[in-house]
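The structure under discussion appears below in the form of C-alpha cells.
Model, not experiment: these values are computed from the prediction.
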Amino acid sequence: MSHDPSHAVSTVQHPVAPPQMPPSPPRTQGEHRPRAVPLYAAAQSGEHDSLWEELRARYGAVAPVEILPGVSGWLLLGYHENLDALRDRSRFSADPSRCPYAHNGQMPQPSAGQSQRTLAGDGPEHRRLRAPIVDALTRLHAPKVTETINRIASELIDNVATKGTADLIGEYAAPLPALVLNQLFGLDDEYGRLLADLSATLWDGDPESVQWATNQIHAYFAALVARKRASPGNDITSWLLEHPSNLTDKEAAEELTLMWAAGHEPTTHLIGNALRRLLADPEITAAYGGVTLPAEDFIDYVMWVDPPLQTAASRFSAHDLRLGEADIKAGEALLLGFAPAHADPAVSAWQARDVMALAGNRAHLMWGAGAHGCPAQSLAREITTIAIDTVVNQLTNLHLAVDPQRLRWRSSLSVHGLVELPVEFHPRESAQPAEDPQPQHSRKRIFRKRHRAPSRGARYGAPGAAEKKTEPTTVVRAPRTAQQAPPSRGARYGAPAAATQAAEPSRDALDHLLASWRDSKGG
C-alpha cells in the first residue's frame, strides 16, 4: 500500500505524444517562473526516467509543469524537497480547497474510484477520519491475515500451475491484493473477484468502461457499508462503523474506497515490479537464490529503483514560499515525485543503484512520512513477500516468456507497472494443490529462512527521520503451513456469530451487484 490513501491522486492521462522540452526562455529582471512543461502529455509513455533527468538538468530540484492543459503546478524532483513536502505541514497542505483551481473544476483529478474529500485535509478533521483506519488495522489478527494471504496466493497459483504459462500481473499480482483486502473488509472471495474485475476495467482505456467501473466501485463500497451497518462482524468495515469517530455511511464508504485504491494498484505493481527484477536480472536472481538478499530487503530495493508510484498530486503550498530555485505562490499544486526523488544524485548517485547498497534501505519515500504516512505498510510488506515466496517456490523452472525489453509498461504518470508479465514454467501433472510449499525438485529454494530484517532507517539523514514515530500496525509472520480455507460465509477471522448463523441473508444491493457481474460473465 502507498501512503495515507489521500495521496492516491494521479494526473489525468491523455493519449498524446510525450512532451517536447521547450527552449529555455530568456529571463527578464523580476521574472521568477520559467516556462511550464506540459507534463500531462507524457502520460502515454510507459518509461519516464529520461524525462525526470532532463527536467532535473534544466530546472534543478523543482520543475514548473502543466498538470492539465491550462493548469500549472510544480513537480518535485529532489529527494529532500519531496521529504519536506511530506513532513512540513506548516508550509505544505494536503487540503485541496487551498488551491485556486478547487472551485472552477480544474483541479487535478483523483484516480478512478476515489474521492478528494476523505482524508485529503489537515488538522483535527483529518485526524478524526484517519483514526478509524489506524485503529482498525491494529485490530487485525496477524496469524489469520498471514493465513488468508497464503491461502489466496496458493489458490491463484493452483489456477495456472497445470498450464505451464501465466500472466503474473492479470492472473496473480492484480487479483491477490484485491482478494485479500476484500477478505479484510469482511466479504467472501467471490465478491473479491468482482472487485478485481472492476479494478482491471479501470485501465482498459475506454472512457465509458472506466466511468461504468468507477460507478460500480462506489456502489460496491456503499453496499458493503450498508450490509455491515445492518449486520456487523469482526472485520475492518464493521470496526470503522463502530469507531468513536462516528463516521457517517458516506464517510465509511469513502474511506474503504480510498483504502482499496491506495492498497490495490500500488501493491499489485510492487509485486509485479519485484518479480520482473527477479526474473530479468541475473545478479538479483543469484543473490536471491543464495539467500544473501532477504525478501524484506529486496522489497526496499524495488521501492528505490522501480517504485510502483511515480508521482502523486497531493500537496498545495500553504503560503508563498521558495523551494529549491522555485518561487511558489500560495495554493499552487505540487506533484510529489517519488521516482525522480529516488534517483536524485544527492542521495543515490554514489550507489549507482547497487542492489546490496539499496536493499534494506528504508529511507525511500513510498510509505510517505509525517501525518499522512502509510498506516498499513506492514500489511503491504506481508502481501508482497508472501506473493513472491509463493511464486518462486511453487512454479518450477520459472522464467520470462518474452525478452525483458519487450515487456509493456502501463501508460501513466502515476502508476509504474507492467501491463502483463508473461512467464513459462514446468506445468504440474495434477491440478491438486501442493501439500508442501517447498518445491520437490533440485532447484534451490529461495526462501530457506524467513526473518524480518530490522529497519536501517533513513541513511541520508533526512530531516526529522530519527524522531519519526511508527504507528502500531505491525503484522507478525506466522509459521507457513498448508492452510484450510475458512468458511465461505459470515464475518471473517472468528466472528462469534459466524458459526451460529442460521439463515442465508436476504439479497441486498451487494448481492445484486454480484448477480449482475455474474450475468455479464455469462453465469
Inset, instruction - For K228 and G186, indicate whether the former's side chain and the latter's backbone hold a donor-acceptor pair under 3.5 Å. - result: yes
Inset, instruction - Give a yes or no answer on whether the side chain of D167 reaches the backbone of L421 with a donor-acceptor pair at less than 3.5 Å. - result: yes
Inset, instruction - Compare every heavy atom of R229 with every heavy atom of T248, then report the nearest pair and how far apart it is. - result: C-NH2, 4.1 Å
Legend entry - Side-chain touch M366/P308, heavy atoms, less than 4.5 angstrom: yes
Inset, instruction - Determine whether Y40 and V71 make a side-chain contact, defined as any pair of heavy atoms from C-beta on separated by less than 4.5 Å. - result: no
Legend entry - SB check D235 R139 (cutoff 4.0 Å): no
Legend entry - Spacing of CD1 belonging to I169 relative to CG belonging to L418, to within rounding of 0.5 Å: 5.5 Å
Legend entry - Test item: R130 side-chain N/O and E125 main-chain N/O as donor-acceptor pair under 3.5 Å: no
Inset, instruction - Any chance you could measure Q310, atom CD, to L51, atom CG, to the nearest 0.5 Å? - result: 9.5 Å
Inset, instruction - Keeping the roles fixed (side chain from T292, backbone from A287), state whether a donor-acceptor pair exists under 3.5 Å. - result: yes
Legend entry - Sidechain-backbone polar pair: H243 side chain, S245 backbone, donor-acceptor under 3.5 Å: yes
Legend entry - Student check: side-chain heavy atoms of L86 and R315 closer than 4.5 Å: yes
Inset, instruction - Assign the ring pair F221 / F185 to parallel, tilted or perpendicular, where the plane angle (0 to 90°) is split at 30° and 60°. - result: perpendicular
Legend entry - Carboxylate-amine/guanidinium contact E296 R381, below 4.0 Å: no
Inset, instruction - Return yes if some donor-acceptor pair links the side-chain N/O of T268 with the main-chain N/O of A173 below 3.5 Å, else return no. - result: yes
Legend entry - Heavy-atom donor-acceptor pair, H342 side chain to L365 backbone, under 3.5 Å: yes
Inset, instruction - Would you mind reporting whether N150 and I386 have side-chain heavy atoms less than 4.5 Å apart? - result: yes
Inset, instruction - Report the C-alpha separation of R128 and L247 in whole Å, then their side-chain angles, then the decisive distance to 0.1 Å, and conclude whether the side-chain contact (heavy atoms from CB on, under 4.5 Å) test is met. - result: CA-CA 9 Å; R128 182 185 77 85; L247 297 178; 4.0 Å; yes
Inset, instruction - Would you mind checking if E265 and R410 are paired as a salt bridge, meaning a charged N to carboxylate O distance below 4.0 Å? - result: yes
Legend entry - L379 side, atom CG; T267 side, atom OG1 - distance, nearest 0.5 Å: 7.5 Å
Legend entry - Point-to-point distance, once rounded to the nearest 0.5 Å, from CG of L323 to CG of D88: 10.0 Å
Inset, instruction - Mark yes or no for whether N82, through its side chain, and L76, through its backbone, hold a donor-acceptor pair below 3.5 Å. - result: yes
Inset, instruction - Report the relative orientation of the aromatic rings in W304 and Y79; use parallel for angles under 30°, tilted for 30 to 60°, perpendicular for over 60°. - result: parallel
Inset, instruction - Looking only at non-hydrogen atoms, find the nearest pair between N182 and G192 and report the distance. - result: ND2-N, 3.2 Å
Legend entry - Smallest separation among heavy atoms of I217 and T257, with atom names: CG2-CG2, 4.4 Å
Inset, instruction - Answer yes or no: is there an ion pair linking E332 with K329, defined by an N-O contact shorter than 4.0 Å? - result: no
Inset, instruction - Decide yes or no for D189 and R151: does some side-chain heavy atom of the first lie under 4.5 Å from some side-chain heavy atom of the second? - result: yes
Inset, instruction - From the options V302, I299, D389, select the one residue that forms a side-chain contact (heavy atoms from CB on, under 4.5 Å) with T384. - result: I299
Legend entry - Minimum-distance pair of heavy atoms, taken over all atoms of I67 and S72: CD1-O, 4.2 Å
Inset, instruction - Please answer whether the main-chain N or O of P244 pairs with a side-chain N or O of N246 as donor and acceptor at a distance below 3.5 Å. - result: yes
Legend entry - CD1 on I149 to CD on E147, rounded to 0.5 Å: 11.0 Å
Legend entry - Salt-bridge contact D320-R91 (side-chain N to carboxylate O under 4.0 Å): no
Legend entry - Atom pair CG (L413) and NE2 (H48), whose distance is rounded to the nearest 0.5 Å: 4.5 Å
Inset, instruction - Answer yes or no: is there an ion pair linking R277 with E283, defined by an N-O contact shorter than 4.0 Å? - result: no
Inset, instruction - Might you point out which heavy atoms bring D84 and F92 nearest each other, and give the distance in Å? - result: O-CD1, 3.5 Å
Legend entry - Student check: side-chain heavy atoms of W367 and R362 closer than 4.5 Å: no
Legend entry - Any side-chain heavy-atom pair of D306 and H416 under 4.5 Å: yes
Legend entry - Any Y59 side-chain heavy atom under 4.5 Å of V37 side chain: yes
Inset, instruction - Indicate the atoms forming the closest heavy-atom contact of A178 with L195, along with that distance. - result: O-CD2, 4.4 Å
Inset, instruction - For side-chain contact (heavy atoms from CB on, under 4.5 Å), just list the numbers for I328 and R322, CA-CA rounded to whole Å, side-chain angles, deciding distance to a tenth of an Å, and then say yes or no. - result: CA-CA 6 Å; I328 300 174; R322 186 166 179 80; over 6 Å; no
Legend entry - Evaluation steps, side-chain contact (heavy atoms from CB on, under 4.5 Å), between L137 and W239: CA-CA 9 Å; L137 289 169; W239 298 334; over 6 Å; no
Inset, instruction - Using modelled atom types only, decide if a donor and an acceptor are shared between the side chain of T201 and the backbone of D197 within a distance under 3.5 Å. - result: yes
Legend entry - Parallel, tilted or perpendicular: rings of Y301 and F298 (30°, 60°): parallel
Inset, instruction - Start with the C-alpha distance between I271 and L176, add both sets of side-chain angles, then the distance that settles side-chain contact (heavy atoms from CB on, under 4.5 Å), and finish with yes or no. - result: CA-CA 10 Å; I271 296 168; L176 175 59; 4.1 Å; yes
